[in-house]
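First listed ligand is number 1; within each ligand, the first listed atom is number 1.
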Amino acid sequence: MNAAHILIVEDEEKIALLIRDYLDNDGFKTTVLDRGDIVEDVIRSTAVDLILLDVMLPGKDGLTLCKAIRKSSNIPVIMLTARVSEVDRLTGLELGADDYICKPFSPREVVARVKAVLRRTRPPLPENELRIGPLALNKDRHTCTLREEELFLTPNEFGILHLLMARPGRVFSRAELLDKVQGYHFEGYERTVDSHVKNLRKKIKNGLPGISLIQSVYGVGYKLNDRFFDSGG
Ligand code: CA
């Protein structure tokens with residue numbers, strides 16, 4: 001399984017970089033933001049598995065943010081706070097943070113808490129499920145979901161997407177993809193791959209605005225671009 005993507009929102013650079021280094025060393029993927037008002041945009045466009053959220057932030061404070069994040073997603077949130085008096089509110093029903101860490105803290109403690117919260121909140125992937133960011137394919141049930149909403153794919157579209165998702169970043173030739181398309185197992189029909197890909201893109205587009213997930217590789221074929229979400233499950 002790929003590394004979880006941790007979003008660190010902390011305006012004190014020294015603290016942010018210290019946490020980042022420890023998480024990076026432990027194999028996590030990290031992004032650091034130093035203000036609160038860009039957090040919601042970032043989590044809308046990037047797959048984030050957990051947010052470390054400072055309370056006192058420029059732009060938008062951590063309490064307001066936590067409340068807002070909870071309304072639209074269940075991404076686990078660990079609050080970083082210097083105010084012990086706030087702790088009850090943080091994890092209470094009003095804000096719904098998953099955990100809190102009081103400053104000053106050791107970076108080791110942060111890593112341990114991140115792991116504990118992820119273990120608790122991240123359901124294990126079913127064996128026959130492939131997931132890239134918010135897009136999931138389940139081979140047993142033959143379903144495809146994007147942001148938890150089902151996309152209705154034809155068997156051919158499903159087969160092509162399954163192959164691409166199984167090896168993100170790997171370029172597949174039209175011939176390789178054609179192999180997944182039923183009924184056209186001979187040369188000259190490679191264009192049918194293009195039309196299936198075109199339909200797939202159309203179906204995926206609404207759920208991933210501005211992101212070109214299936215990329216054409218000139219003269220070769222197609223690949224799935226997981227650059228946007230290398231956070232995996
Ligand atoms: Ca701060």
* Are Phe28 and His5 close enough that their ring centers fall under 6.0 Å? ->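 For Phe28 and His5, the ring centres are not under 6.0 Å apart.
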
* Asked: For residues Ser73 and Arg147, is any side-chain donor paired with an opposing acceptor at under 3.5 Å?
  ->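 No, no side-chain donor-acceptor contact under 3.5 Å.
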
* If you round to the nearest 0.5 Å, how far is CG of Leu137 from CG of Leu146? ->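 Answer for the CG-CG pair, Leu146 versus Leu137, is 10.5 Å.
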
* **Ring-face cation contact, Phe172 with Arg170, 6.0 Å cut, 45° max** =>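 Arg170 over Phe172 ring: yes.
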
* Is it true that some N/O/S atom of Glu10, main chain or side chain, lies under 3.0 Å from the Ca ion (ligand 1)? -> no

* **Angle subtended at the Ca ion (ligand 1) by OD1 of Asp11 and O of Met56, nearest 10°** =>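 If I round to 10°, I get 90°.
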
* Structure fact -> For the Ca ion (ligand 1), the nearest N/O/S atom on Asp54 is atom OD2

